[in-house]
2 protein chains.
Amino acid sequence: MSAVREGGLPFRLTRQRRAILEEVRAAGGHPRAADIFLQVRRREPRLAYATVYNTLHLLARHGLIQSFDFGEGASRFDPRTDRHDHLACRNCGRLVDVEIDLGQAARRLQEETGFSVEAYHVEVRGLCPGCQRAEGD
Amino acid sequence: MSAVREGGLPFRLTRQRRAILEEVRAAGGHPRAADIFLQVRRREPRLAYATVYNTLHLLARHGLIQSFDFGEGASRFDPRTDRHDHLACRNCGRLVDVEIDLGQAARRLQEETGFSVEAYHVEVRGLCPGCQRAEGD
DNA sequence: CTGAGATTTAGACCAGATATAAAAACATCA
DNA sequence: TGATGTTTTTATATCTGGTCTAAATCTCAG
């Protein structure tokens with residue numbers, strides 16, 4: 001039989017990978033690959049950028065973290081593993097986790113289009129309370 | 001008084017810009033900047049890529065078209081000008097316009113977070129009917 | 001017709017994403 | 001334990017979309 005790795009994962013959770021995972025969890029918010037690279041580099045000075053990049057996508061592919069794309073070029077990573085949505089401030093960029101249930105609408109969509117709906121993500125944009133006050137400048 | 005341009009736009013709708021806009025409308029689907037560039041280049045051989053790129057974002061900024069980012073690197077442009085959402089096939093990439101009303105949830109969000117909600121976009125992923133049939137390979 | 005401002009061109013440049021090859025780490029088992 | 005095949009990391013090159021700049025060109029009001 002094949003070896004059972006930590007947590008029964010289909011890949012090795014090496015020192016580097018563990019450090020990267022821990023850093024995503026410790027970062028708070030929604031760090032980019034470059035953020036993680038700079039942080040982890042302090043513990044692992046020989047760490048290559050490609051390792052961070054590949055590891056983040058590996059972890060995301062296997063559900064240990066999630067990755068989101070908000071059209072800024074770089075992907076954002078998130079230690080949360082449950083489905084959720086995002087509220088973004090168009091002025092300061094602040095990103096807040098929210099939860100929007102589309103259950104009903106998703107079922108309707110499935111019937112009408114014939115697609116099998118597997119996932120969805122809602123991106124809401126607006127102004128955060130702070131930026132609303134600062135609007136009159 | 002200042003000049004009133006075609007349609008009262010705050011910029012000139014030049015030959016190049018008009019060709020780009022027409023091409024987005026003619027393309028059907030959700031073309032990328034590079035697609036538009038290649039197409040329009042046939043009519044306007046001296047057209048620069050930067051002109052296409054800038055024009056598409058200009059048109060989007062002024063509501064003559066919309067742009068979406070599906071995390072593929074390149075932005076997708078859409079001749080539709082009304083708010084709507086998208087259903088994407090994770091296998092073949094087919095992109096279908098759909099409409100999901102979040103009115104109720106958006107109001108709730110606004111109360112709970114203090115954000116003023118200005119816009120939202122739902123991206124739904126799944127398998128299109130064709131790819132569902134082809135699944136057993 | 002002319003000058004100011006708007007627009008286009010051409011090409012350089014940047015960053016994130018991705019590919020590759022060689023080195024290193026690791027697992028397995030005789 | 002030590003040989004061997006596999007996985008992972010490193011280091012680096014490359015691709016691509018996106019962005020910037022300066023000079024050339026166009027447009028329009030006067």
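Chain letters run A, B, ... following the sequence lines, proteins first and then strands; every chain starts at 1.
- Rounded to whole angstrom, the span from the OH atom of A/Y49 across to the C1' atom of D/dT14 amounts to 15 Å.
- Note: CZ (A/F68) to P (C/dG16) measures 20 Å, nearest angstrom.
- Between D/dT27 and B/R15, no contact under 4.0 Å exists linking OP1 or OP2 to a side-chain N or O.
- The residue A/A50 sits close to a base: some heavy atom pair falls under 4.0 Å.
- One interatomic measurement links the two molecules: CG of A/N54 to C1' of D/dT10, which rounds to 11 Å at whole-angstrom precision.
- Mapping B/E44 and A/G73 onto DNA chain C by nearest heavy atom places B/E44 at the nucleotide closer to the 5' end.
- Put simply, B/R46 has a side-chain N or O that comes within less than 4.0 Å of OP1 or OP2 on C/dA10.
- Among the protein residues, B/R17 comes within range of the sugar-phosphate backbone only, with heavy atoms under 4.0 Å from sugar or phosphate atoms but none that close to a base.
- Position along DNA chain D of the nearest nucleotide to B/E72 versus A/P45 favours A/P45 as the more 5'-ward residue.
- For the OP1/OP2 pair of D/dT8 and a distance below 4.0 Å, the side-chain nitrogens and oxygens of A/T14 include no atom meeting the criterion.
- Distances were taken from every side-chain heavy atom of A/L47 (C-beta onward) to each of D/dT10, D/dT8, C/dT7; the shortest belongs to D/dT10.
- Relative to the ring axis of B/Y49, B/R41 does not place its NZ or CZ within 45° and under 6.0 Å from the centre.
- Proximity of B/R12 to the phosphate of C/dG5: no side-chain N or O atom is located under 4.0 Å from OP1 or OP2.
- As a whole-Å value, the separation of B/I20 CD1 from C/dT7 P is 13 Å.
- Listed candidates were D/dT9, C/dA17, C/dT7. Nearest to the side chain of A/A74 is C/dA17.
- A/L13 places its CG atom 10 Å from the P atom of D/dT9, with the value rounded to the nearest Å.
- Protein atom CZ of B/R43 is 14 Å distant from nucleotide atom P of C/dT8, rounded to whole Å.
- One interatomic measurement links the two molecules: CZ of B/F77 to P of D/dG17, which rounds to 12 Å at whole-angstrom precision.
- Listed pair A/Q16 / D/dT10 meets the phosphate criterion, a side-chain N or O lying under 4.0 Å from OP1 or OP2.
- Atom CZ of A/F11 is separated from atom C1' of C/dA25 by 17 Å (rounded to the nearest Å).
- Just one residue in the list B/L21, B/I20, B/T81 forms a side chain to side chain contact (heavy atoms under 4.5 Å, CB included) with B/I65, and that residue is B/L21.
- Screening B/L64, B/T51, B/V24 for a side chain to side chain contact (heavy atoms under 4.5 Å, CB included) with B/L56, the sole residue that qualifies is B/V24.
- Contact annotation: the side chain of B/V122 never approaches that of A/I100 to less than 4.5 Å [non-hydrogen atoms, C-beta and beyond].
- Screening residues 86-117 of chain B for ring-ring contact (aromatic ring centres under 6.0 Å, His included) gives B/H30-B/H86, B/F68-B/H86, B/F70-B/H86, B/H84-B/H86, B/H86-B/H121 as the qualifying pairs, with residues at least two apart or on separate chains.
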